[in-house]
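Remarks on the structure that follows.
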Amino acid sequence: MTTPVRVRFAPSPTGFLHIGGARTALFNWLYARRNNGVFILRIEDTDRDRSTDEYIEAIVEGMTWLRLDWDEGPYRQTDRFDVYRAYADRLIAEGKAYYCTCTPEELEERRQRALSANQPVAYDGRCRERIEKPAEPAAVRFRMPREGQTIVNDLIKGPITFENSVLEDMVIVRSDGTPTYNFVVVVDDIDMKITHVIRGDDHVNNTPKQIHIYQAFGWEVPAFAHLPMILGADKSRLSKRHGATSVTAYRDMGYLPDALVNYLVRLGWAHGDQEIFSREELIQCFSLEGVGASASVFNPEKLLWLNTQYIINSTPGALAEAVLPFLVKSGILAADSDVSMDWLGKAAYSLRERSRTLVEMATQMHYYLAADIAIDPKAREKHLTPESIQLLAEVRTMLAGLTDVSAAVVEPLVHEMAVAKGLKLGAIAQPLRVALTGGTASPGIFEVIEIMGKELVLQRLNRVIGG
Ligand code: GLU
């Protein structure tokens, strides 16, 4: 029987969930779902000065929005200090870790001295032979082997060899009693039975240190897969300088979560040259073998393109749900409005090919919903001439006589009217569009009339025609 796959996403809550973190979460989630495994969310908040509850909430919010559901957790490392303490004590008892009383000032002074003498700046092992627990507060250091090599067999990067001589006796518990990242991450990964550590390659250099801790405990080392970096267009590491990087910022800009997921998966992973994947397809196709070893570049235009595709391919019902918060936020719709979701779906769906984001969609929807609209002065001048207003008056009379203003009914009637007058359809349709929507670009005018309904259409026409 093979061991069941167990993976984790282990963010430090020192910021919002950003593009890079979300991609790491997604790859772990996909790996778990692909292999019928377990996906764990673990909050690495041992750095108490920089971690906040607000960021934990933001991370949970970002993952929930992306629909990356976890099977266990969120665990918090600050709830587990007793566990770490017990494991640290075990290493001390076995002579694999030792107390260190060197003060930060002393360490800094030695570091400076080593630097100016061109010597290695690693901890010099001064407290290595100490056995007794000192009376004063002391850190705990891990006794690293000084000879030999450590090989990280990375599933993405292949084998990476580290000389043990460059790994210093790192602190695993600070003198204030708080454990450090490289220690707790190993204890947790073992305690939580993690089989595959999938994380950003900014942790590659930590991996040999962590392997030594596994070995000191006699634990089996999990598989490691370090994901290549995400860069900005200028090839430097992706940061705020390159624009929005937090996941919730994309939500607020009107991106669909599935579009962002689809975008994120292609940052480093490929399956032939397919670009658009449903979640089910991703779960079926995802593999770590498909992850490339080179860095990928974050391309906001491509993300926008994908979003456009996802909007075009959404159902009316999904669009209604998705656009509703944007309508409320922009004040186009009251929060307690009892608008019919069916109708809203129809209205949103009519704009699916003209909206790159839900914000753009909501903005255009104002002409379906607002009591009154402003008419673009240029459009008015060009299309609302005395002659065309005369035509609109005839359309108004025609519509007033109808009970059903659906496109199927109105379209042939307006066509007939144009033919009878020897006019092109546009000569009637364009003034109508300006009168009804305030501008010259909108979905098909008969669709617009159907969605607006007779009452609103007549009201808008009355405003333009007067009388
Ligand atoms: N907490 C670490 C981070 O946010 C991740 C550690 C890990 O995945 O091993 O970078």
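Remember, it's 1-based here, ligands and their atoms both numbered in the order they're listed.
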Heavy-atom nearest neighbour in the protein, as seen from atom 10 (O) of ligand 1, with distance rounded to 0.1 Å = His203 NE2, 2.8 Å

Would you say Ile449 and Leu436 make side-chain contact, with heavy atoms under 4.5 Å?
-> yes

Kindly check if the number of other-residue, nucleotide or ligand heavy atoms within 6.0 Å of CG (Asp342) is above 12?
-> no

Decide whether the shortest distance between a heavy atom of Phe9 and an atom of ligand 1 is less than 4.0 Å.
-> no

By number and element, which atoms of ligand 1 are closer than 4.0 Å to a non-hydrogen atom of Arg8?
-> 7 (C), 8 (O), 9 (O)

When you look at His226 and Thr207, which way does the side chain to side chain donor-acceptor pair (under 3.5 Å) test go after all the steps?
-> CA-CA 10 Å; His226 287 96; Thr207 309; 3.1 Å; yes

Relative to the heavy atoms of Val185, which atoms of ligand 1 are at a distance of less than 4.0 Å?
-> 9 (O)

Can the ring centres of Trp65 and Phe16 be said to be less than 6.0 Å apart?
-> no

What do you reckon, does Ala10 have a nitrogen or oxygen under 3.5 Å from a nitrogen or oxygen of ligand 1?
-> yes

Kindly indicate, with the supporting measurements, whether the criterion side chain to side chain donor-acceptor pair (under 3.5 Å) is fulfilled by Thr180 and Asn182.
-> CA-CA 6 Å; Thr180 60; Asn182 275 309; over 6 Å; no

If you count the atoms of ligand 1 from 1 in the order shown, which ones are under 4.0 Å from a heavy atom of Ser12?
-> 1 (N), 2 (C), 3 (C), 4 (O)

Of all the non-hydrogen atoms in the protein, which one sits nearest to atom 1 (N) of ligand 1, and at what distance?
-> Glu44 OE1, 2.6 Å

What one should report as the nearest heavy-atom pair of Phe326 and Asp252 is CE2-O, 3.4 Å

